[in-house]
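Some notes on the structure that comes next.
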There are 2 protein chains.
Amino acid sequence: MTTINDVAQAAGVSPATVSRVFNGGRVTAERAERVRRAAAELGFAPNRVARSLRMQRSSVIGLLIPDIENPFFTALARGVEDAAQRTGLPVVLCNTDENVDKERRYLHIAVAEQMAGVIMAAASRSRTDLSALEGRRIPVVAVDRRLRGAEVDAVLMDNEEGSEAATAHLLARGYRRIACITGPQGASTSQERLAGYRRAIQDFLDDDPGTAAQDVDLLRDYTRHADFKVEGGRRAMADLLAAPQRPDAVFAANNLMAVGALQAVHEAGLESPQIGVLSFGEVPWAPLVRPSLTTVQLPSYDLGWTAANLLLDRIAGKRDPLRTVVLRSSLLVRESTAGPTTGHRSRAAGRRQ
Amino acid sequence: MTTINDVAQAAGVSPATVSRVFNGGRVTAERAERVRRAAAELGFAPNRVARSLRMQRSSVIGLLIPDIENPFFTALARGVEDAAQRTGLPVVLCNTDENVDKERRYLHIAVAEQMAGVIMAAASRSRTDLSALEGRRIPVVAVDRRLRGAEVDAVLMDNEEGSEAATAHLLARGYRRIACITGPQGASTSQERLAGYRRAIQDFLDDDPGTAAQDVDLLRDYTRHADFKVEGGRRAMADLLAAPQRPDAVFAANNLMAVGALQAVHEAGLESPQIGVLSFGEVPWAPLVRPSLTTVQLPSYDLGWTAANLLLDRIAGKRDPLRTVVLRSSLLVRESTAGPTTGHRSRAAGRRQ
DNA sequence: CTGAAAGCGCTAACAA
DNA sequence: TTGTTAGCGCTTTCAG
């Protein structure tokens with residue numbers, strides 16, 4: 001393996017000079033040129049491990065996400081990667097599986113590898129422990145999910161507003177027994193999306209006391225906690241549909257659970273928009289699903305991009321006060337929430353063989 | 001930061017002994033216990049960077065894939081991760097974007113970081129250059145795609161057989177003008193899937209010379225090369241549908257291009273199975289797409305799992321001869337290939353407003 | 001602007 | 001079994 005010393009010898013300079021050439025130190029043009037030529041001839045590539053040891057900091061950033069198979073997080077990862085690319089920092093992607101233990105192991109590795117910084121969508125709001133990183137002054141940016149009490153920058157989205165708008169849309173379309181399948185208790189996103197759903201319903205009742213009596217079903221407990229996965233969404237929806245007074249619409253707090261809910265709807269021999277289905281987060285190729293799925297569009301890529309830029313600032317030593325950036329979502333109305341009585345019912349029935 | 005020396009001092013032993021405790025060297029139980037207690041008290045965690053420098057090899061494995069947003073590759077990545085997990089080796093995921101330059105940069109990083117090994121689905125069969133890794137004796141396993149002339153283990157699947165079976169199925173269902181949208185020229189998977197498609201058609205003509213005359217259309221050039229992405233598939237299909245004698249079925253050589261092809265079919269006011277659509281590779285939530293999509297099921301997770309185990313063997317020093325493992329695919333027939341004359345045509349027409 | 005020298009934290013001979 | 005010692009390849013004072 002050719003080292004900095006080999007290059008130094010070949011170029012007739014000291015190792016220190018070679019190092020300076022590769023790190024933007026002051027070197028006369030002529031010597032720098034000699035060094036570069038020698039390096040090229042010898043096929044020299046700086047050893048990043050040695051560099052990291054000496055600098056007490058490596059040149060990778062860690063990205064911890066809870067589910068690599070969820071397109072929301074892969075889009076977010078692309079955002080991170082594209083932003084990091086511009087500075088040449090590689091991104092190490094770690095899949096925590098919504099599992100606090102696995103997450104902790106990865107965080108320890110981040111410390112032991114002396115990573116330059118970490119971006120994380122935490123597995124748990126309160127149980128995720130960043131103390132190891134804080135001790136080593138490794139900058140962290142929380143993305144998508146909040147972190148309790150951690151002194152870190154955060155890039156989030158308007159979960160509550162998005163959910164509220166989604167639920168209000170369902171109400172406006174005439175659905176009255178609206179269920180909510182939200183995520184695990186520990187995640188901030190679960191709580192916020194549930195809160196938005198509740199607020200929309202509460203506002204509806206408040207605004208129009210006249211209808212409150214007949215809309216008492218809205219207060220019924222149609223809330224389920226699942227795990228942000230397809231199968232969990234399916235089970236939750238099956239459970240909801242088995243209730244004596246079954247819901248006429250469902251708001252799923254993430255894309256995968258919406259897919260599961262759709263499956264359960266089909267399995268029950270029902271169809272949307274008779275049963276309204278609304279997904280918080282785009283389902284890939286949602287346009288191909290029939291009837292097409294109404295979704296809240298999330299800024300997944302931008303979340304990653306923004307988080308990476310915040311982190312890069314911190315790595316570069318910027319000492320601004322901590323920031324929390326909130327990006328906006330938007331509702332994309334398609335067919336699955338057309339309303340409970342749009343006549344699709346009979347057509348749908350006729351189509352089933 | 002607490003180092004091995006701090007622990008040694010606290011436990012009243014030498015640094016070498018501490019190192020041995022953490023690396024399975026021979027140490028008397030009593031002293032080992034003392035070391036462990038001291039380490040725990042001091043919150044010591046071995047510095048992996050220093051370790052890597054000393055050992056001339058780090059403890060991460062690199063996984064290079066061409067498209068992190070393709071569920072095929074994320075499933076593969078999970079397989080790799082699950083296998084690696086058991087040995088505690090973290091996996092660094094690098095997205096090459098089907099781009100040989102980006103891929104080359106990541107390969108250089110793999111060398112400079114002295115990675116323990118690399119698993120890669122190469123961006124190009126011939127232009128991907130592994131010489132840098134070979135020089136440093138970093139073991140490599142090719143997964144999903146072949147590598148020209150590289151001395152590496154490989155884990156592939158039966159692309160040609162799978163495509164042949166898929167195309168034969170389309171023929172058996174009565175489609176006669178079958179198009180093929182395959183991937184970029186450089187990828188081995190593109191070539192093999194195209195070859196399987198061609199062989200199925202050739203065999204069909206050979207087997208039944210009587211029909212050959214009327215089935216001359218089968219020889220027409222219905223082949224397109226796209227980029228394994230949704231938009232590429234859409235354009236290719238739109239182009240095919242614009243031909244004077246348009247195809248009555250399409251075999252898409254990967255999942256994303258199949259999605260694009262479906263879009264193009266819809267945009268042309270057509271519908272499958274009137275136009276048969278068959279995807280090489282599962283589309284996530286294909287069951288939700290109406291009509292449901294016939295697909296070749298690929299062993300994506302197992303590809304990753306198997307590749308990781310091969311690599312771990314090499315990292316552990318196993319010196320067996322090079323192996324190529326081929327995993328099998330299977331055809332899952334759904335509605336999109338029911339045949340050109342199943343009566344869906346009129347129903348579909350009736351449903352369009 | 002340049003070079004000499006020290007040392008980041010760890011492991012692996014070697015000697016005891 | 002244990003300790004001593006010598007680096008792994010790099011960056012960074014400090015002198016010159």
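Small disclaimer: the values here were computed from a predicted structure and weren't measured.
- At least one side-chain nitrogen or oxygen of R31(A) sits closer than 4.0 Å to the OP1 or OP2 atom of dG3(C).
- Between S52(A) and V49(B), the shortest heavy-atom contact is CB-CG1, 3.7 Å.
- Annotation: Q9(A), atom CD; neighbour count of heavy atoms from other residues, nucleotides and ligands within 6.0 Å does not exceed 12.
- In this entry the distance linking CZ of R26(B) with C1' of dA12(C) reads 16 Å, nearest Å.
- For the pair R51(B) and dG9(C), the criterion of a side-chain N or O lying under 4.0 Å from OP1 or OP2 is not met.
- On a pure distance criterion of 3.5 Å, a polar donor-acceptor pair joins the side chain of R20(B) and the base of dG3(D).
- Following rounding to the nearest Å, D6(B) (CG) and dC8(C) (C1') show an atom-to-atom distance of 13 Å.
- No more than 12 heavy atoms of other residues, nucleotides or ligands lie within 6.0 Å of CZ in R127(A), so this atom counts as exposed by the packing criterion.
- Distance N47(B) CG to dC8(C) P: 12 Å, rounded to the nearest Å.
- Between M1(A) and A16(A), the residue whose closest nucleotide on DNA chain D is further toward the 5' end is M1(A).
- In terms of phosphate contacts, N23(B) brings a side-chain nitrogen or oxygen within less than 4.0 Å of OP1 or OP2 of dT11(C).
- Contact check, T17(B) against dG3(D): a side-chain N or O comes under 4.0 Å of OP1 or OP2.
- Contacts of F44(A) with the nucleic acid, taken as non-hydrogen atoms under 4.0 Å apart, involve only primed sugar atoms and P, OP1 or OP2.
- For Q56(A) and dG9(C), the shortest distance from a side-chain N or O to OP1 or OP2 is below 4.0 Å.
- A salt bridge links E33(B) to R37(B): at least one charged side-chain nitrogen sits closer than 4.0 Å to a carboxylate oxygen.
- Distance L53(B) CG to dA6(D) C1': 13 Å, rounded to the nearest Å.
- More than 12 non-hydrogen atoms from other residues, nucleotides or ligands lie less than 6.0 angstrom from CD of E30(B).
- OP1 and OP2 of dT5(D) both lie 4.0 Å or more from every side-chain N or O belonging to R54(B).
- Aromatic ring centres of F228(A) and F72(A) lie farther apart than the 6.0 Å criterion allows.
- No engagement by V49(A) is indicated, since no non-hydrogen atom pair under 4.0 Å with the nucleic acid exists.
- Considering only side-chain N and O atoms, T3(B) lies nowhere under 4.0 angstrom from the phosphate OP1 or OP2 of dC8(C).
- Contact annotation: T28(A) reaches the phosphate of dT2(C) (side-chain N/O to OP1 or OP2, under 4.0 Å).
- Straight-line distance from the CG atom of N5(B) to the P atom of dT11(C): 11 Å, rounded to whole Å.
- When rounded to the nearest whole Å, the span between CZ of F22(B) and P of dT2(D) equals 15 Å.
- Computed from coordinates, the E113(B) CD to dC10(D) P distance equals 13 Å when rounded to whole Å.
- In terms of position along DNA chain D, the nucleotide closest to S14(B) lies nearer the 5' end than the nucleotide closest to the other residue of the pair S14(B) and A50(B).
- Taking atom CZ on R57(B) and atom P on dT11(C), their separation rounds to 16 Å, with Å as the unit.
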